[in-house]
Colleague: 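I have a structure here, written as structure tokens, and I will follow up with some questions on it.
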Amino acid sequence: MKAKVLAKELLSPRLYRFDVEAPRIAKKTQPGQFIILRVNEEGERIPLTVADFDRDKGIITLIFQEVGASTELLAKLEPGEEILDFVGPLGQKSEIEPGIGTVVCIGGGVGIAPVYPIARGMKEAGNKVISILGARSKDILIMEDEMRAISEEIFITTDDGSYGVKGFVTTALQQIVDRGEKIDRIYAIGPVVMMKSVVEATRPLGIKTIVSLNPVMVDGTGMCGCCRVEVGGETKFACVDGPEFDGHQVDFDGLRARQAMYREMEAREKDHVCRIGLGRDE
Ligand code: NAD
Ligand code: FES
């Protein structure tokens, strides 16, 4: 189905926030889920985890980085213009329930955006939310105010030390562990290398750690096999079985190898135009 861009904001160079009018999708979306969009007939399908949703206003908020031809096309849209195909909500929702206890929500870079609705949901369910936001530098840190508003405690890290603690998100996680905080669950979303580091840090501590994977996706319905990942020795499809998985079971090295393979293919086939239409209108 078509969806109109209602608002557009440049958060930092090449990083955009779009509010999109999609009332039927907003009504059903749960934290952790994603949409797939196609800007126009020439555009590739772009899967984006939902950064926020407003059921009353019928708005889906997306935060995305301009990284290639398709996201450049998306970034060119102005308020009032329409996205040709907007499909969702897709994937499994986050397991949010009361009584989990202390939940540490970790977002790295653009990964802060999809962590926000999970953290908010955890707080609304009555859990204690401690957030860790990591960015390369202060000027590209996003959603600090939103995350601060729903977190009991927040840690900011920057790789260059321009704001908060100097280091990675794992530096702040270590501080929380070292002070003896009892952590019941961790959500970590960001670059694969970050999620892998978080998982390696929590494995010996036995803390359940959920990661959200965003491998290359095409149909988003479990048919094409593009988004397959190895989890606990089994093949799973991120689009229908995920995107969230138990991080301790994920084969991150396999995931990185597949990402690298697709990057090479993209570089070779820069002029490829995806002609597969989206099969569902919602
Ligand atoms: P980035 O490279 O700027 O890194 C962000 C933060 O991650 C860093 O500031 C640091 O705190 C942490 N980090 C990086 N390397 C680390 C390491 N080796 N150990 C521990 N922590 C480390 O991130 P970016 O350029 O904003 O990229 C964001 C990534 O998130 C993209 O790769 C994108 O694919 C991914 N992402 C995933 C989802 C999802 O739903 N799974 C959604 C959006 C973005
Ligand atoms: Fe095709 Fe997941 S995107 S199987």
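Both backbone and side-chain heavy atoms feed into the values below; hydrogens, waters and symmetry mates do not. Whatever order the structure lists ligands and atoms in, that order sets their numbers, starting from 1.
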Colleague: Is a side-chain N or O of Asp184 found less than 3.5 angstrom from the main chain of Val103, in a donor-acceptor match?
Modeller: no

Colleague: If you measure from the Lys or Arg side-chain nitrogens to the Asp or Glu carboxylate oxygens, is any gap between Asp160 and Lys138 under 4.0 Å?
Modeller: no

Colleague: Hey, which atoms in ligand 1 end up nearer than 4.0 Å to a heavy atom of Ser197?
Modeller: 17 (C), 18 (N), 19 (N), 20 (C)

Colleague: Compare Glu200, Met194, Gln65 and give the one whose heavy atom is closest to atom 22 (C) of ligand 1.
Modeller: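 Among Glu200, Met194, Gln65, the closest heavy atom to atom 22 (C) of ligand 1 belongs to Met194.
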
Colleague: Identify, by atom number and element, the atoms of ligand 1 in contact range of Gly134, meaning under 4.0 Å from any of its heavy atoms.
Modeller: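 Selected atoms, number and element: 6 (C), 9 (O), 11 (O).
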
Colleague: Please collect all salt bridge (charged side-chain N to carboxylate O under 4.0 Å, His left out) contacts where either partner lies in residues 46-63, sequence neighbours excluded, each pair once.
Modeller: Asp52-Arg120

Colleague: So which bit of Ala135 gets within less than 4.0 Å of ligand 1, heavy atoms only: side chain, backbone, both or neither?
Modeller: backbone

Colleague: Please identify which atoms of ligand 1 are closer than 4.0 Å to at least one heavy atom of Ile189.
Modeller: 38 (C), 39 (C), 40 (O), 41 (N)

Colleague: By number and element, which atoms of ligand 1 are closer than 4.0 Å to a non-hydrogen atom of Gly109?
Modeller: 5 (C), 6 (C), 26 (O)

Colleague: Asn127 side chain to Gly101 main-chain N or O, any donor-acceptor pair under 3.5 Å?
Modeller: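 Yes; at least one donor-acceptor contact below 3.5 Å.
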
Colleague: Which Ile, Leu, Val, Met, Phe, Trp or Tyr residues join Leu6 in one cluster when any pair of side-chain heavy atoms under 4.5 Å counts as a link?
Modeller: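 Once heavy-atom contacts under 4.5 Å are chained together, Leu6 belongs with Ile59.
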
Colleague: Taking only heavy atoms of the protein into account, state which residues are under 4.0 angstrom from an atom of ligand 2, in chain and number order.
Modeller: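 Shell around ligand 2 (4.0 Å, heavy atoms): Met217, Val218, Asp219, Gly220, Gly222, Met223, Cys224, Gly225, Cys227, Cys239.
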
Colleague: Can you check which of Pro243, Gly111, Ala201, Gly190 brings a heavy atom nearest to atom 35 (C) of ligand 1?
Modeller: Gly190

Colleague: Side chains of Thr202 and Thr209: any donor to acceptor distance under 3.5 Å?
Modeller: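 Yes - a donor-acceptor pair under 3.5 Å links their side chains.
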
Colleague: Check the pair Val229, Val250 against side chain to side chain contact (heavy atoms under 4.5 Å, CB included), reporting the backbone distance first and the verdict last.
Modeller: CA-CA 8 Å; Val229 286; Val250 171; 5.7 Å; no

Colleague: Without swapping roles, check the side chain of Ser94 against the backbone of Pro31 for a donor-acceptor pair under 3.5 Å.
Modeller: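 Yes.
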
Colleague: Among protein heavy atoms, which lies nearest atom 24 (P) of ligand 1, and at what distance?
Modeller: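 Result: Arg136 NH2, 3.8 Å.
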
Colleague: Does ligand 1 come near enough to Val110 that some N or O of the ligand is less than 3.5 Å from an N or O of the residue?
Modeller: yes

Colleague: Got the closest protein heavy atom to atom 29 (C) of ligand 1, with its distance?
Modeller: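 Protein heavy atom with the smallest distance to atom 29 (C) of ligand 1: Pro191 N, 3.4 Å.
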
Colleague: Can any side-chain N or O of Arg203 pair as donor or acceptor with the backbone N or O of His248 at less than 3.5 Å?
Modeller: yes

Colleague: Can you list the ligand 1 atoms lying under 4.0 Å from a non-hydrogen atom of Thr49?
Modeller: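 Counting atoms of ligand 1 from 1, those under 4.0 Å from Thr49 are 39 (C), 40 (O).
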
Colleague: Are Glu230 and Thr235 linked by a side-chain donor-acceptor pair shorter than 3.5 Å?
Modeller: yes

Colleague: Give yes or no for whether the N/O distance cutoff of 3.5 Å, strictly under, is met between Val169 and ligand 1.
Modeller: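 N/O-N/O distance under 3.5 Å: yes.
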
Colleague: Quick check on contacts: which atoms of ligand 1 are under 4.0 angstrom from a heavy atom of Asn214?
Modeller: 33 (C), 34 (O), 36 (N), 37 (C), 38 (C), 39 (C), 41 (N)

Colleague: Just which atoms of ligand 1 are under 4.0 Å from any heavy atom in Val193?
Modeller: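 This gives 15 (N), 18 (N) as the contact atoms.
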
Colleague: Salt bridge or not for Lys8 and Glu81, using N-O below 4.0 Å?
Modeller: no

Colleague: Using 4.0 Å as the upper bound for N to carboxylate O, is an ion pair formed by Glu244 and Arg185?
Modeller: no

Colleague: Go through ligand 1 atom by atom and flag the ones less than 4.0 Å from a non-hydrogen atom of Ser212.
Modeller: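 Matching atoms, with element in brackets: 39 (C), 40 (O), 41 (N).
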
Colleague: List in chain and number order the residues that pass side-chain hydrogen bond (donor to acceptor under 3.5 Å, both in side chains) with Arg148, two or more places apart in sequence or in another chain; answer none if no residue qualifies.
Modeller: Glu144

